[in-house]
Amino acid sequence: MSEDIVVGAGVYGVLVALALARRGRQVRILEARSIASGASGGPGRRGVRANGRDLRELALMAEAYRAWPALNDTLDVGPCYERTGHLLLLEREQDLMSANARIQMQQSQGIDCRFLNADECSQIQSGLAQNVGGAIYCERDGVCDHEAFTRAVARQAQAHGVVIEENTQVVQIDVDDQKVTSVHTGDGRSMAVGGNLFLFANSGTAALVESAFDLKLPVWNACLQVMLTDPAPQIPITALIGHAHRTVSIKAHTGDQVMISGGWPGHWDETSQTGHAVPESVAGNLAEAAAVLPALEGMSIAEADASHLEAMCVDDIPIIDRLPGCANGFFAAGWSGHGWAIAPVVADLIVNWVEHDHCPALLDPFSLQRFGIHRRHSE
Ligand SMILES: Cc1cc2nc3c(=O)[nH]c(=O)nc-3n(C[C@H](O)[C@H](O)[C@H](O)COP(=O)(O)OP(=O)(O)OC[C@H]3O[C@@H](n4cnc5c(N)ncnc54)[C@H](O)[C@@H]3O)c2cc1C
């Protein structure tokens, strides 16, 4: 049987590989480093939220609400996903005034949410700053232990016959007559692509697309900071917390630690291919968190990590499409810091696309066509 090749063993690579293997396909994953070494790994937990999300991704989140709890039951590590509710905090007059419009928009896409005044917010999360005037609340939002989940799905995939080659970087893709024919690896091997090629290399996708298709995707790589405080049992975090205008996200972490993130940048060193947190971002992120939860002011930080690259897209939603002109090639890039929550749904839709040779309607908004680039393969 012809083999499908998946590039990247992050959450997308392992979910798609598992779904293909379950349909009887032979699948090989080629991973430059190790399973969950990219954005799908690292400290803390990932938010699984619809609240505050781009309109074009909301229908995917409505489906994701159904997918995540069911996935928990299949894992060999116990539940990774937890429903906590998400408070999108509002402070500024203009954000309070526009809250109803966002609530309507989210509800129109099947997302349950409601406005909470300051007192109602305090009943969900104690210790909020006086400036918080209210919040949009999504009860079905939650968090997921991303690294444990990705590794658990990788094990399931292997149990279904998927071969995962770590320390295997793909450096070139060969295309002939509208077909991906082979990939070349950094250790000098050439592998035939008898089935389909799935490029889920996140930060590595754009470079491979550019060299094979002479096409520059409107994406760039960012290393995003995550911090864990020292244990703070006096500051119990009961919901996933985001903010309408501050760059901050707050989550509970094991051992009474508080996870603080939201999109502050670290520094990426191209030569060593590693990232590290920078003092300005650590101070800035902590200050934003303390502006929301004053008890966090001056908290000592146990860990600040910025070693996990994420590709960002110019219009803040991913590109999910066929490789240009190719009948047997698919890629995704530019998750823009929120690709985790929609992963189970997008992975299923991509496999559905392969099976039916037709782009599912839910993926239409993410095509290259929005940048005037056509996928050219006739569907
Ligand atoms: C700090 C941080 C916080 C985030 N928070 C959230 C959140 O709260 N909610 C949310 O929904 N999303 C969040 N995200 C985004 C989410 O984690 C990612 O969108 C998602 O994990 C992407 O999965 P992936 O499989 O596409 O990529 P990755 O997990 O990055 O996997 C890609 C893999 O490809 C490999 N690779 C790269 N190039 C090559 C190559 N040439 N050959 C072979 N392998 C290659 C890499 O080593 C990597 O393992 C966050 C991301 C980060 C970094």
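First listed ligand is number 1; within each ligand, the first listed atom is number 1.
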Residue, atom and distance of the protein heavy atom nearest atom 11 (O) of ligand 1 read A341 N, 2.9 Å
For atom 29 (O) of ligand 1, closest protein heavy-atom neighbour: S40 OG, 2.5 Å
Check ligand 1 against S37 and write out every atom of the ligand that is under 4.0 Å from a heavy-atom position of the residue. 47 (O), 49 (O)
Protein heavy atom at shortest distance from atom 33 (C) of ligand 1: E31 OE1, 3.5 Å
Of the backbone atoms (N, CA, C, O) and the side-chain heavy atoms from C-beta on, which set of R46 has a member under 4.0 Å from an atom of ligand 1: side chain, backbone, both, or neither? both
If you count the atoms of ligand 1 from 1 in the order shown, which ones are under 4.0 Å from a heavy atom of F200? 32 (C), 34 (O)
Residue, atom name and distance, where the atom is the protein heavy atom closest to atom 43 (C) of ligand 1: A32 N, 3.3 Å
Taking the six-membered ring for Trp, are F149 and W68 closer than 6.0 Å centroid to centroid? yes
I would like to know whether W340 and V48 meet side chain to side chain contact (heavy atoms under 4.5 Å, CB included); could you show each step before the answer? CA-CA 7 Å; W340 179 268; V48 179; 3.9 Å; yes
Would you say I342 touches ligand 1, if touching means a heavy atom closer than 4.0 Å? no
Using a 4.0 Å cut-off to any heavy atom of G38, which atoms of ligand 1 qualify? 29 (O), 30 (O), 49 (O)
Side chain, backbone, both or neither: which applies to T168 and ligand 1 if a contact is any heavy-atom pair less than 4.0 Å apart? backbone
Within the 4.0 Å heavy-atom shell around L30, which atoms of ligand 1 are there? 43 (C), 44 (N)
Would you mind listing which atoms of ligand 1 come within a distance below 4.0 Å of any non-hydrogen atom of A39? 17 (O), 18 (C), 21 (O), 28 (P), 29 (O), 30 (O), 53 (C)
Pairing residues for S272 by the side-chain contact (heavy atoms from CB on, under 4.5 Å) criterion, not counting sequence neighbours: D269, T274
Ligand 1 N/O within reach of L224 N/O, cut-off under 3.5 Å: no
Sorted by chain and residue number, the side-chain contact (heavy atoms from CB on, under 4.5 Å) partners of E270 (sequence neighbours excluded) come out as W268, Q273
For the pair D315 and R56, find out whether any cationic side-chain nitrogen is under 4.0 Å from an anionic carboxylate oxygen. yes
Close-contact set for ligand 1 against V226 heavy atoms, below 4.0 Å: 1 (C)
Please work out whether any backbone atom (N, CA, C, O) or any side-chain heavy atom from C-beta onward of V170 is under 4.0 Å from ligand 1, and answer side chain, backbone, both or neither. both
Is S203 close enough to touch ligand 1? Criterion: a residue heavy atom under 4.0 Å from a ligand atom. no
Side chain, backbone, both or neither: which part of Y12 has a heavy atom under 4.0 Å from ligand 1? both
Would you please determine whether R53 falls within less than 4.0 Å of ligand 1 on a heavy-atom basis? yes
Quick one: look up the protein heavy atom nearest atom 39 (C) of ligand 1 and list residue, atom name and how far away it is. A201 CB, 3.7 Å
Give the residue and atom name of whichever protein heavy atom lies nearest to atom 8 (O) of ligand 1, and the separation in Å to one decimal. G47 N, 2.7 Å
Provide the number and element of each atom of ligand 1 under 4.0 Å from a heavy atom of N202. 22 (C), 26 (O), 27 (O), 28 (P), 30 (O), 32 (C)
Below 4.0 Å from any atom of ligand 1, is there a heavy atom belonging to G337? yes
Return yes when H146 approaches ligand 1 closer than 4.0 angstrom through a heavy atom, no otherwise. no
NZ/NE/NH1/NH2 to OD/OE distance under 4.0 Å, E120 and R114: no
Close-contact set for ligand 1 against G10 heavy atoms, below 4.0 Å: 25 (O), 29 (O), 31 (O)
